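Here is the structure we will look at, set down as structure tokens.
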Amino acid sequence: MDDPEFEELVERFYQPLYRFALSLTKREHEACDLTQHTFYMWATKGHQLRDRSKAKTWLFTTLLRAFLGSRRRETRFPHHEFDQVSHELPSQKATVVNDLDGGIVVEAMLSVDELYRSPLTLFYLEEHSYKEIAELLDLPIGTVMSRLSRGKQQLRDLLRVRRDAVRGDKIVPLNPHRETSHRQHG
């Protein structure tokens with residue numbers, strides 16, 4: 001990137017942002033990641049800031065929001081070593097595990113109407129909050145909630161159709177045209 005303004009911001013604020021991130025995370029690699037993410041966000045969205053004198057505030061606020069978002073995700077989806085929690089996992093029959101094929105879910109997600117696919121992808125795959133999705137898609141939060149609700153229902157329906165279509169070893173694709181073109185190219 002050959003942008004003198006961007007380079008000047010990095011020069012002026014990298015160290016203070018890194019120190020702030022380190023004070024929040026207490027881990028060097030996380031602080032580095034947060035700082036890099038903050039400058040990435042500036043590179044992609046900084047042009048939206050009308051008053052350039054508020055760049056420092058924008059950078060620190062962005063870093064703090066990224067940190068809080070990561071902590072929310074860690075709280076919602078804590079990381080545990082498998083060996084430490086394997087005794088807590090329910091036992092499942094092999095058929096249940098086979099029914100949880102990620103490829104089928106992704107295929108179903110691609111078959112959801114585009115109107116609902118974007119919010120679903122941002123929510124499930126990118127782990128954005130409703131508010132963040134509303135900002136990213138420039139929609140009212142109520143619209144995001146409605147589209148997520150309808151999209152989830154459409155996804156459940158598609159997965160139910162897929163599950164019901166399984167007959168022995170034969171699996172009926174959700175979108176026969178995709179399956180045919182995939183076989184021809186794969």
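For reference, positions follow the sequence shown, starting with 1. Since this is a predicted model, take the numbers as computed values, not measurements.
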Q | More than 12 heavy atoms of other groups within 6.0 Å of M145 CE | A | no
Q.
To check you understand the geometry: which heavy-atom pair defines the closest contact between Y116 and G151, and what is its length?
A. CB-CA, 3.5 Å
Q.
For S129, give me all partners under side-chain contact (heavy atoms from CB on, under 4.5 Å), at least two apart in sequence or on another chain.
A. K131, E132
Q. Quick one: salt bridge (Lys or Arg N to Asp or Glu O under 4.0 Å) partners of R19, sequence neighbours excluded?
A. none
Q.
Under the rule for side-chain contact (heavy atoms from CB on, under 4.5 Å), what residues qualify as partners of A55, not counting sequence neighbours?
A. L9, W42, L49
Q: Name all residues meeting the ring pair (Phe, Tyr, Trp, His ring centres under 6.0 Å) criterion together with F67; count only those two or more places apart in sequence or in a different chain, and write none if there are none.
A: none
Q.
According to side-chain hydrogen bond (donor to acceptor under 3.5 Å, both in side chains), does anything in residues 146-156 pair up with another residue at least two apart or in another chain? List the pairs.
A. D113-Q154, Q153-R156, Q153-D157
Q: Kindly give the heavy-atom pair with the smallest separation between P119 and I133, and that separation in Å.
A: O-CD1, 3.8 Å
Q.
Test of understanding: with salt bridge (Lys or Arg N to Asp or Glu O under 4.0 Å), list the residues that count as partners of R12, not counting sequence neighbours.
A. E8
Q) Of all residues at least two apart in sequence or in a different chain, which pass the side chain to side chain donor-acceptor pair (under 3.5 Å) check with R117? A) E114
Q | Criterion side chain to side chain contact (heavy atoms under 4.5 Å, CB included) against F13, the qualifying member of T35, T38, L59 | A | L59
Q. Is there a donor-acceptor contact under 3.5 Å from the side chain of T143 to the main chain of L139?
A. no
Q: Return the set of residues passing ring pair (Phe, Tyr, Trp, His ring centres under 6.0 Å) with Y130 (not counting sequence neighbours), or none when no residue passes.
A: F123
Q) Which distance, rounded to the nearest 0.5 Å, do you find between the OG of S70 and the CZ of R65? A) 14.5 Å
**Q.** Interatomic spacing from CG in L17 to CG in L22 - rounded to 0.5 Å
**A.** 12.5 Å
Q) Got L24 and L68 here, is their nearest side-chain heavy-atom distance under 4.5 Å? A) no
Q) Excluding sequence neighbours, so at least two apart, what forms side-chain contact (heavy atoms from CB on, under 4.5 Å) with Y40? A) T44
**Q.** Over all atoms of both residues, closest heavy-atom pair of L159 and A108
**A.** CD2-CB, 3.7 Å
Q | Stepwise side-chain contact (heavy atoms from CB on, under 4.5 Å) test for Q36 and Y14 | A | CA-CA 9 Å; Q36 294 295 324; Y14 187 90; 3.4 Å; yes
(Q) Suppose the criterion is salt bridge (charged side-chain N to carboxylate O under 4.0 Å, His left out): which pairs have a residue in residues 22-44, not counting sequence neighbours? (A) R27-E30, E30-R71
Q.
Please enumerate all residues that pass salt bridge (Lys or Arg N to Asp or Glu O under 4.0 Å) together with E5, with sequence neighbours excluded.
A. R52
(Q) Using the ring pair (Phe, Tyr, Trp, His ring centres under 6.0 Å) criterion, which residues pair with F20? Sequence neighbours excluded. (A) F60
Q) Looking only at heavy atoms, which two atoms of T25 and L34 are closest? And how far apart? A) CG2-CD1, 3.5 Å
Q: Mind listing the closest non-hydrogen atom pair of P140 and A134 along with its distance?
A: C-CB, 4.3 Å
Q.
Rounded at 0.5 Å granularity, tell me how far NZ in K45 sits from OG1 in T62.
A. 8.5 Å
Q.
For Q48, I'd like to know if atom CD has over 12 heavy atoms of other residues, nucleotides or ligands within 6.0 Å.
A. yes
